[in-house]
Amino acid sequence: MHNIFIIYTGGTIGMVKDEQTGSFVPFDFELIARNLPDLSRLNYKLTVHSFTPIIDSSNMNPTVWIEMANIVKQNYEHYDGFVILHGSDTMAFSASVLSFMLEGLQKPVILSGSQLPIGEIRTDARENLMTALEIASAQVNGTSLIQEVCILFDNKLFRGNRSFKYNSAKFEAFRSPNYPVLVEAGIHLKYNNEALLDNRYKQFILHTKLDDRVAVLKLFPGMNANTIRTILNSDVRSIVMETFGSGNTTTDEWFLDLLKEAIDKGKNILNISQCKVGSVELGRYETSQGLKSIGVLNGYDMTFEAAVTKLMYLQGEFEDQKDVAYWIEKDIRGELTVND
Ligand code: ASP
């Protein structure tokens, strides 16, 4: 019999309609259990930890992430796998940050939820939860098949730090365009073995320091210089700069001067693309050559969610900006592919 630990944080899966306002509001795990009598028929021993309060995932934050990571660590030895029920809106941020906090994970940590509440007739909650539980318990000779933080949605298991929420209306809410799907659930569960992380020979280490001094500069043609200056001068250690195409920006001198000034003051500027598919290639075009020479960092094909949370994690780990700059360009949990 498999032992699975469920962490219930909230999200649509367990919401009910407030009669007065007509909005969906979070409800306790009892609602899920009541609507899923099959849970008790499963060949699993389930332990449920509910967060207080249960939250819509728009209210997720580093304190809750640290609590989640601690719960995994405290129960790590006694369970075969972990399923975290979570709202889909910020699920990719939580999955990304947990992947950094839980180094050398040798058991599955699967985040899932649903687009329709469990009480609705056409709900996707049942399938998502059942499939997440099945994958969380999958082992060969006592070794977990999945040894990383993932997202399970609409019959697909994705690497958490490669995923983003791309659709708020379809059951297919997530995609992972720069990394293959890890498991496809049809009649059989099809594992993409070559794409899975193998942490068997690593040590499991919990990291719980996160430094949220991160800002975002999303560029658009004609962006006002004062706005850019304000963002670059904000009280942060790193700035995620979302650029065009394969990492391009205007070549205007004032713009490069502003970036250089910020870098000289000790800020890290990380270049990731506004495109969801493909990678930053610094120097491919003249329009990114200048960035490379002033020390803008390469985010390669990282998702926005992975970039922001990886910076929080690295800043928590390292006081020296140079260490953060060094590690942000390295693949540490399967979150990026270096292409140069
Ligand atoms: N607003 C919800 C949340 O993220 C949406 C969902 O669960 O799908 O908590």
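Index from 1, following the sequence. Atoms within each ligand, like the ligands themselves, are counted from 1 in listed order.
- We find that R333 and E148 are not joined by a salt bridge, their nearest charged nitrogen and carboxylate oxygen being 4.0 Å or further apart.
- Residues passing the side chain to side chain donor-acceptor pair (under 3.5 Å) test with T63: none are found, sequence neighbours excluded.
- A salt bridge (Lys or Arg N to Asp or Glu O under 4.0 Å) with R237 is found for one member of D320, D323, D211 and no other, namely D211.
- With sequence neighbours excluded, the residues that form a ring pair (Phe, Tyr, Trp, His ring centres under 6.0 Å) with F204 are Y76.
- Salt bridge annotation for D235-R213: absent, with no cationic side-chain nitrogen under 4.0 angstrom from a carboxylate oxygen.
- Protein neighbours of ligand 1 below 4.0 Å, counting non-hydrogen atoms: G11, T12, D56, S57, G87, S88, D89, S114, Q115.
- The list of salt bridge (Lys or Arg N to Asp or Glu O under 4.0 Å) pairs with a residue in residues 15-25, not counting sequence neighbours, is empty.
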